Amino acid sequence: MQMYPFKEIEAKWQRRWEKQKLYKTTDPPKKKYYILVMFAYTSGDIHIGHFRNYIIGDVIARHRMMNGYDVLHPFGWDAFGLPAEEAAIKHGVNPEKWALKNIEVSRKTIQKSGVSFDWDREVITCLPDYYKWTQWIFLKLYESCLAYRGKSLVNWCPHCNTVLANEQVKGGRCWRCEQEVFKKELEQWFFKITAYTERLLSDIDKLVDWPEPIKIMQRHWIGRSEGTEMDFTIEGTGEKISVFTTRADTIFGVTFMAIAPENPLLQRLDIEPEYKNEVDEYIKKSAFKDETERISATEKDGVFTGKYAINPLSGEKVQLWVADYVVAAYGTGMVMGVPAHDQRDFEFCRKYKIPIKVVIQPRGMTLSPNKMKEAYVKPGVMVNSDRFNGLQSEKGIEKVTEYVEKNKLGRKKVNYKLRDWLISRQRYWGAPIPMIHCEKCGIVPVQEKDLPVLLPKGNIDFLPRGRSPLADVEEFINTTCPKCKGKAKRDPDTMDTFVCSSWYLFRYTDPKNDKEPFSKKKASRWLPVDKYVGGSEHATGHLLYFRLFTKFLHDIKWLSVDEPTRELFNHGMVLDSKGEVMSKSKGNALSPTDLIDKEGVDVSRIAMYFAAPSEKEILWTGEGITGASRFLNKIYNLAQQAEPENLNLKFKLKDLNEEEKKTYRKLHQSMKKVDEDIETLQYNTAIASMMEFLNQFSLISSDSLIYTYCLKNLIQILSPFAPHLAEELWEGFGFKESIFKSKWPEYDKNAVIEDMVTFIIQVNGKLRGSFEVPVNTDQEKVERMALENEKVKHFTKDKRVLKTIFVPNKLINLVVR
RNA sequence: GCGAAAGUGGCGGAAUUGGGAUACGCGCUGGACUUAGGAUCCAGUCCCGUUUCGGGUUGGGGGUUCGAAUCCCCCCUUUCGCACCA
């Protein structure tokens, strides 16, 4: 194809934009707009999925620029993490060098994409000027008692002799050596996200412009559940054991108790010798099972402890079992077994022949324990429940809870699924945890003036040996205690990379600050983020963590806002032609560089935008390229006929011929459509409407009074999508300043309204004809015209019109019989 | 199992306060032109038939309505998220 000279044009403008500092943020802003795209995790060069993500945000940024906003549109790199360390282990390269090299390559690719990032604000999380402040935030959390050390079960690979992250465990096996992974209890650092549970939950309602599915996922993840805690006692010792239930109405149906194998209570139980072995065996066996194995088990199992618990209401004595279908970390780590009304308990009882007791009877049918095939979990009437008999079960929950509260046998309780955030990693390539372990003073925080705690460089053995590589780096690990000045050791662990990415959006507002993480004043100018563009895979990770950090920094008065962003947009993924996710390991990741070199940036961008609405995934086949290049070529060629001196021509609508009038109207309709579609990120239809305009436009002569006028406006509304071509043509029109400094054109409100409308005629709801009439023609006239229509006559012949439906400017429907 | 989203030509997709189904583009068919190209221009392209006309069609079935891709009910399929949370 005869392509316009895109290579020269694109290179020229990228050079000029850089030289002019066109995308430099105006700070302080007069009218701010903060558009943020999720920064990149450095695992190699970017692929066309990233390309799509960034050009989606770019349209908004450029559109806002032209609408008089001072735009903050920054970019950066999430540069700590496993890929760099893996490369170090495999190829012996230094992780920092590896990461910075990848950033170089990726940055170049993005710069070739013509995205309007202000590169002066770039942040890189693995550099000390950034992670110093990640550590600073850790210290602030520690001061507020929100960072604490606690024991937890972590994934342990016996072959690699190391702890693994959850995402490194595939089907219960180590991702590298395929050994089975089991749980091990280790002391780790946690962030107390549970202190913020209620606020994180209730403030979801403030996130009005977040996609509903993400909000639902977060609510579900937090998992608030209202219920009752019941105090059972252990027979003999009288020790109180509490269980959480949402079905207090079934308390009289308890026929056993089940306790999680990890529950420390088991160690205090003083189990009789005849049960001891079996119980210990079971606990050990459970520890070796991984999470998925436990969940997918087709049969629930457990072991009787030989102990009994006393029901606080009925006084009945029931067996106490250990069972690994009970989740240790939820509620009190044990459950009351009500087989008749809980499916899980039902299955358990059937297997071990534990009795089933019906206490909720459905209306109009009688349950009998022997005949039940599954638990009856729906509401009904309480039976076999002493003083509560006859109560509707929903009401029963209330009444039983009231009763136990009054008699001090239990209490109302709210439980959550959300657990505290384990942030320790036994890895080298992360931000060191700024804590010191002193034999005399215990755990002592590094003093603020001593930050950053630098990651040691040089010859480091990265191979995991069951503890952090840093533990063996003498010059790092050995230090003095800030309190007693005696010998002490640094914490050898580093932080989860999600910590680094929880506050980068604030750093962008003041990226060079070496006195504080960011100035409060600057942050308050820009926050909250006006639009955040990124993938939905972060729904319950990053998108929860950065909300937590925002609230925390708000509480310690570093931020005025308590939610990071008012608007979130989830872009769709780019899949390969087979519909598979692109990844480096699969080898199907397409680089945008090849595409850009071959087709040009603007054509590539248009093809991407046009393929589907931004939130949908794209199967990248490259088929859209042809249409995109024809479209831009056509504009380039038509623009060669433009007469810049005609730009100031004044014309009156009534002087235009019919085709010109139509063209004028189409232009303004398209301007309106593009405006609206940019707001909803429906770029595919925005481009479609420009194509429609172009089809109409090619019908008018280049001598037309409105020829140049139309092109000027088209180029402006095209510019956020195809910035290089638009800029080139703009210059060709004689404009001295960048098109992105020009004012976004306003559409003519009168022009978008048609003066003639097409009425459709239906007979009994079926289309039978149409005609053109001036807008706002009244019903009487339209009806008369409809009845005179030949085709309509054919269908109304010998029939009576019973009813006429009239929709102004749209249709008339004759109901006949 | 629970939760969410979606299902429209050969393909990507458009149309949602209920009002012309298939905009726009790709592909395909025919023609023109030609400096033979990944060119450009013109015409056609949902399906069926007896083809200036008529009938049918938005995963399937039912309903509401003058009128349903759009609203309601049931079913099927696909994708995503959560997954023994008591």
Side-chain angles (χ1 to χ4, degrees), chain A residues 1-3 211-217 219-221 223-225 227-228 243-247 250 258 260 291-292 294-297 300 323-338 341-345 347-348 377 415-419 536-537 539-540 573 579 598-599 606-607 610-613 615-631 633-634 637 682 684-695 698 758-770 791 794 802-816:
Chain A
M1 200 201 292
Q2 289 283 345
M3 279 295 290
E212 212 50 46
I214 301 284
K215 293 199 273 187
I216 291 168
M217 278 189 240
R219 283 197 194 97
H220 185 86
W221 190 260
R224 186 180 200 275
S225 168
T228 314
V243 287
F244 176 74
T245 179
T246 53
R247 292 294 302 274
T250 63
E291 206 96 2
T292 46
R294 266 169 82 160
I295 289 160
S296 60
K300 307 197 184 322
D324 66 8
Y325 79 91
V326 180
V327 177
Y330 185 75
T332 58
M334 63 187 110
V335 299
M336 57 184 220
V338 187
H341 307 296
D342 182 287
Q343 187 56 27
R344 297 154 298 188
D345 298 343
E347 287 163 26
F348 191 76
V377 298
N415 265 329
Y416 303 90
K417 284 199 237 179
L418 186 72
R419 321 255 161 92
S536 59
E537 67 272 20
T540 51
M573 282 194 290
K598 194 161 160 232
E599 314 290 350
I606 295 288
F610 190 61
E615 72 274 11
K616 258 203 83 172
E617 81 226 1
I618 294 178
L619 257 66
W620 188 251
T621 57
E623 275 165 11
I625 291 287
T626 317
S629 64
R630 279 183 196 155
F631 173 60
N633 252 321
K634 216 184 279 182
N637 291 332
Q682 310 269 306
N684 56 333
T685 47
I687 288 165
S689 87
M690 287 189 269
M691 287 173 169
E692 270 184 74
F693 162 72
L694 204 63
N695 290 342
S698 42
T758 311
F759 257 91
I760 59 162
I761 319 166
Q762 296 181 337
V763 179
N764 288 343
K766 283 199 194 293
L767 178 73
R768 296 302 176 194
S770 64
K791 224 153 119 191
H794 177 253
L802 297 178
K803 196 173 167 188
T804 310
I805 313 285
F806 178 78
V807 182
N809 296 323
K810 232 168 207 153
L811 103 168
I812 180 151
N813 184 12
L814 306 168
V815 185
V816 301

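Proteins get letters first, then strands, A, B, ... in listed order; numbering begins at 1 in each. These numbers were taken from a predicted model, which means no experiment stands behind them.
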In whole angstrom, give the distance that lies between atom NZ of A:K417 and atom C1' of B:G3.
10 Å

Tell me which of A:K791 and A:I216 sits closer to the 5' end of RNA chain B, going by the nucleotide each one is nearest to.
A:I216

Is A:R768 touching bases, backbone alone, or none of the nucleic acid, heavy atoms closer than 4.0 Å?
sugar-phosphate

Nucleotide-resolved protein contact map, nucleotides 19-26 of chain B, B/S/- at heavy-atom distance under 4.0 Å:
BB--BBSS

Which whole-number value in Å describes the distance from A:L619 CG to B:A6 C1'?
15 Å

Length of the line joining A:I625:CD1 and B:G38:C1', which is rounded to integer Å:
11 Å

Span that lies between the P atom of B:C46 and that of B:U22, in whole angstrom
9 Å

Taking the nucleotide of RNA chain B with the nearest heavy atom to each, does A:M217 or A:Y330 sit closer to the 5' end?
A:M217

Should B:G38 be called syn or anti, with syn set as within 90° of 0?
anti

A:R219 has an atom CZ; how far is it from atom C1' of B:G81, in whole Å?
15 Å

Atom CD of A:E617 to atom C1' of B:G13: distance rounded to whole Å?
13 Å

Quote, to the nearest angstrom, the C1' distance that separates B:G13 from B:G60.
23 Å

With respect to the phosphate group of B:C66, does any side-chain polar atom (N or O) of A:T804 fall under 4.0 Å of OP1 or OP2?
no

Under-3.5 Å donor-acceptor pair between A:K803 side chain and B:C66 base:
no

Does a side-chain N or O from A:K616 land closer than 4.0 Å to OP1 or OP2 of B:G13, or not?
yes

Tell me the stems RNA chain B sits in, counting at least three consecutive Watson-Crick or G-U wobble pairs, each under 3.5 Å on both distances.
B:1-7 with B:76-82, B:10-12 with B:24-26, B:27-32 with B:40-45, B:46-49 with B:53-56, B:59-63 with B:71-75

In whole angstroms, how far is the C1' atom of B:A5 from the CD1 atom of A:I214?
12 Å

Nucleotide B:C80, atom C1' - distance to CE of A:M573 in whole Å
9 Å

Have a look at A:E615 and say if it touches a base, only the backbone sugar-phosphate, or nothing, with a 4.0 Å heavy-atom cut-off.
nothing

